[in-house]
Amino acid sequence: MTVIHLTLKIWRQTGPESKGSFKTYESGPLATAMSFLEMLDVLNERLILSGEEPVAFDHDCREGICGMCGAVINGKAHGPEKKTTLCQLHMRHFRDGDTLVIEPFRSRAFKLVKDLIVDRSAFDAIIAEGGYISVNTGGAPDANAIPVPAFTAEQALDAAECIGCGACVAACPNGSAMLFVGAKISHLSLLPQGQPERSKRALALVKKMDALGFGNCGNEQYCEKACPKGISISNIARLNREFMKAAFCSVEE
Amino acid sequence: MQLDHRIPSGPLTEKWDRFRFETKLINPANKRKFEIIVVGAGLAGASASATLGELGYNVKTFCIQDSPRRGHSIAAQGGINAAKNYQNDGDSVWRLFYDTIKGGDFRAREANVYRLAQISNQIIDQCVAQGVPFAREYGGLLANRSFGGAQVSRTFYARGQTGQQLLLGAYSAMMRQVKAGKVTLHPRSEMMDLVVINGQARGIVTRNLITGAIESYAADAVVLATGGYGNAYYLSTNAMASNVTATWRAYKRGAAFANPCFVQIHPTCIPVHGTYQSKLTLMSESLRNDARVWVPARPGDKRPPAEIPEPERDYYLEKKYPSFGNLVPRDVASRNAKEQCDQGKGVGDTGLAVYLDFSEAINRLGEAAIRRKYGNLFHMYEKITGQDPVKEPMTIYPAVHYTMGGLWVDYHLMSTVPGLFVLGEANFSDHGANRLGASALMQGLADGYFVLPATISSHFAESALLPINTSHPAFTEAMDTTKGRIQRLLSINGTRTPDEFHRELGLLLWDHCGMARNEAGLTLALGRLPKLKKRFWQDLKVTGNGADLNQTLERAGRVADFIEFAEVMILDALSRQESCGCHFREESQTGEHEAKRMDDTYSHVSAWEYQGEAQTPKLHKEPLVFENIQLSQRSYK
C-alpha cells in the first residue's frame, strides 16, 4: 500500500452571511487507493475528536452519478482528472508533499451554505420551467409505436447523462449554466417525443436561466473540460440554435 | 394487531382490474381538498408525487438531498424488466410473474407480484413517452438484454445508467407539477417522526438540515418512499445518507416491520481495500451476460490471472449450474463466491475476491462491441481500482445491496397504521426473500406511477378524516420528543465519533447476519447489541450544535436508529430457521449445500410489532397462500 502526505488548504465559512477563509491542515498518512472524499472523512474524524467542527461537504452516492458532491481543487472543478466527479477522484493522482487548495463551487447563482456546500436549487428552478415532456401518467402509446433511430437515442443519452452537479457553472468565467441547459434542451429536442414543446421549452428555460443570474456563454470551453460526464459544448450550439429558431419562427410566446 | 392483506377475491389475472373497478373514487373537484405528504424522492417518491399532483391532490415532497434528482435509485445501472415480449422469446406477464416469485424463493404474495408483472409494460410506455432514452436497435425499436434469474431478454436499459434516466424522467414529471403548483418541494429535510392521530397517520416532524429547525407538517395521508436499510452494515452499495430512520420512526408509532432479515448481498461489487473505506461500489450484474466467473482451481494459487492456464481455472458457476451458468440469481452467485473464498481459492490482496473475465466475449464479439455495451462500467471500475477490465479480469466480491424487508403493507400498499402508505424498497411487498436484477426499478415505478394513485383514493373515500392542523397535541409531543433526542445526542460529549460506532455495528452484522447465518452467531450478535447501544449513548462525540447545518449530528441520529433496528433484524433471522433466498441458515441446507426451504413451517411473512422501549417486539405471521403456482425447490442447474 502506497502512502502519501498532503497539505490541505480548505475554505471554511460558517454560513452564507459570515466571512470565510482558508484554513490549513496536514493530512497525515493517506493510502493512494483512498478516494478524495474518504480523505476528507479521515480528516473530519480527526477534527471531531479534537472538538473542531468537521468540514461540511455535500456527497451521497459516491459512485459519480448522483451529482451531489463537488469542490474546486487547485482551481479545477472536481479536481485534475478528466471526466471524474470528486467522489471518483483517487489519491493515487496526487504526489507526496502536494498542497491542495479546496474551495466550494463559486458562482453568483449558487449561494454558499457552509464550508464547501453551495445551494444549487437554481438548477431545479430551471427544470421546473419546462425541462420535461408534458405527459400525464397513463395513456402513453406502446413504447415501440414511435421508432427512434439508435443513433438519435444515443445522442439524446449523451446529453441526458448530465448529473446536475454544477461544475460547469463553477468552471465558467461568466458563471453560465448553458452547458446544463443545453444538455437538457438537446436531450428532449432530439427525440420525437420532445417535438410538441420544443420551441416553448427553449424560450422558457433560457428566460429562467437569465432571470436566476447565470451568465452567458463566452465560448471559453471551461465547462466541457470540467464536466465529469463529458457533456460536449456542441449542446450549447444546439441550445443557441433552438433558442434562435424559437425566438424568430415560433408563434408561441 | 391484525394483518389483513386486503387482496381482492377472484382469479389472479383479474384481481387488479377488479380492484380498480370496485374501489371508491374521489371526484376531480374533491381531490384538491386532500393533502398528501411524500417522504423520499427516488423513483417511488418522485413518480408518486408526479402522479398524485397530476390527479389533483396537493402534495408536499421531502428529501434529504439538496435536490430531488439525487435519490439513490439514480445509481441503478443494469435495467428495468417488463413483460413486453418484444424479442418474441416466449415472455409473458405470467412468465415475469413466475420468474419473480420463484426468484424470491416463494416468499412473496402471488397477487402483488402478478400485479407488478402486469404493470411492468405500462411503465416502459410511460417512460418512453417522457423521453427516457432507452437503448435501441438500428431499426429504431427498443433493445433488450438478459439478466440473472431469467431465460428471456426482457430488460430495458440506457447504457449502464438506467436508474439515472428513469429517475430523471420521474423527477422531470414531478418538477412539472411543482410548476403547476400541485407539488411543493422540501429538499434538505429529514423526517424525524410520524404523527398519528386517532390511529391515522396525519403528519410528520422534520429537521431542516440547513437551519436545524424542527418543523411539523399535517396531511390527510403520509407516503414513505425512503428506501432500504442496507447501510445498517456500514459498508454497502447504498448512498452515504441512505438510512432506516423514517421507517424505524414509523415502526415505533405502530407500523409493523416485515421480513427485516431479508437482505440481498449483491455478487458483483468491487472488493474492500482498506479500513478507511466509506462504501462499496456495485458493478452491474448485466456484466455477467458477457463475463465468466472463475477462481484458480488450486487453493492458494497466487499467480497473476494471465499466467493461470485454462485447465487450472475453475469456472465454478458454469460447472455447478449448467443451465443458468453465470446468470444464476444473486443470492446463489454470492454464496458460491463466499464458498470459493472460504476454500482458499479467493484472489486479490485479501483473498476475498473472484475473477469476472471478459476475454472470451472480447474474442468472440470484439473489444469495440464490449466497450459499447459496458463502457461506463469499465470506466467506473478503472477509476476506482486503476485497472482496465479489458486487459485483466475484474475482481469482484459480494456486498450488501438491497433490502427486501421493509414496512409491512397490504395490497393497497398501506401499512398497519391507516393512512401510512409505503412504496418501493421501503416496503416488503414484491421480492420475497430475494430480488431479481432489474426488478427494483420496476417495483419503485409500479408503486409510484400506478398502484398508490389507484389505492389512495379508497382510503380517502372510506375513512373519516377529522380536520386537524399542527397545533394538535400529537404534533407538539412528536416535536418535543425529537428535540429532546437531538439535545441528548449533542450533550453526551464522549470520545467516539458516530462513524466509529457505525463501523462496529456493521462488522457485527456482516459477520453474524450476513451471507450465511447460524443460531450461535445470531445469538452472540444479539447479546452484543445492548452493550453497543449503551456505549453509544455514553461515549458519543458530536461537535457543533443543533441549530445549524451539522452533518455529524445527522449521522449520529441515523446510527442510533440502525443500532435499535439491528435487534429486529437479528430476531427475525433467528426466528426463521429455514434457508430461503438470500437468508441462508447453515442449519438448513441440502446435501449439495443449497438453501433448503421449509414450506410447512415458514411459508409466511414475519411482521414485527413494536412493544415499547426495552421490550422484545411481537411477531405476527401472515400466511402466504399459493393458488396458482406449484412451490418447488429452486434449481438453476
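Everything numeric here is computed off the predicted structure, so don't read it as measured data. We use all heavy atoms of the structure for the numbers below, so side chains are in, but hydrogens, waters and symmetry mates are not. Every chain is numbered from 1, with letters handed out A, B, ... down the list of sequences.
- Ranked by heavy-atom pairs under 4.5 Å with chain A, the list L185(B), D66(B), T51(B) is led by D66(B).
- Side-chain contact check for R62(A) versus S278(B): some heavy-atom pair is nearer than 4.5 Å.
- Judged by distance alone, the side chain of E500(B) and the main-chain N or O of T497(B) form a donor-acceptor pair under 3.5 Å.
- For chain B, the option among N144(A), I133(A), L188(A) with the highest count of heavy-atom pairs below 4.5 Å is N144(A).
- Interface remark: N136(A) contributes backbone and side-chain atoms alike to the contact with chain B (heavy atom separation under 4.5 Å).
- For chain A, the nearby part of T385(B) is the backbone; its heavy atoms alone come within less than 4.5 Å.
- Under a 3.5 Å cut-off, the side chain of K114(A) and the backbone N or O of L549(B) do form a donor-acceptor pair.
- Top candidate by heavy-atom pairs under 4.5 Å with chain B, chosen from A125(A), G64(A), G138(A), G130(A), is G138(A).
- At a 4.5 Å heavy-atom cutoff, the contact between E81(A) and chain B is made by side-chain atoms alone.
- Across E137(B), R188(B), H379(B), R496(B), the residue that shares the most heavy-atom pairs under 4.5 angstrom with chain A is R188(B).
- The greatest number of non-hydrogen atom pairs below 4.5 Å with chain B, out of H59(A), H93(A), E154(A), is found for E154(A).
- Using modelled atom types, no side-chain atom of K279(B) and backbone atom of S236(B) make a donor-acceptor pair closer than 3.5 Å.
- Proximity to chain A (any heavy atom under 4.5 Å) is shown, for D349(B), by neither the backbone nor the side chain.
- Using cut-offs of 30° and 60° on the angle between ring planes, the pair F123(A) and F180(A) is parallel.
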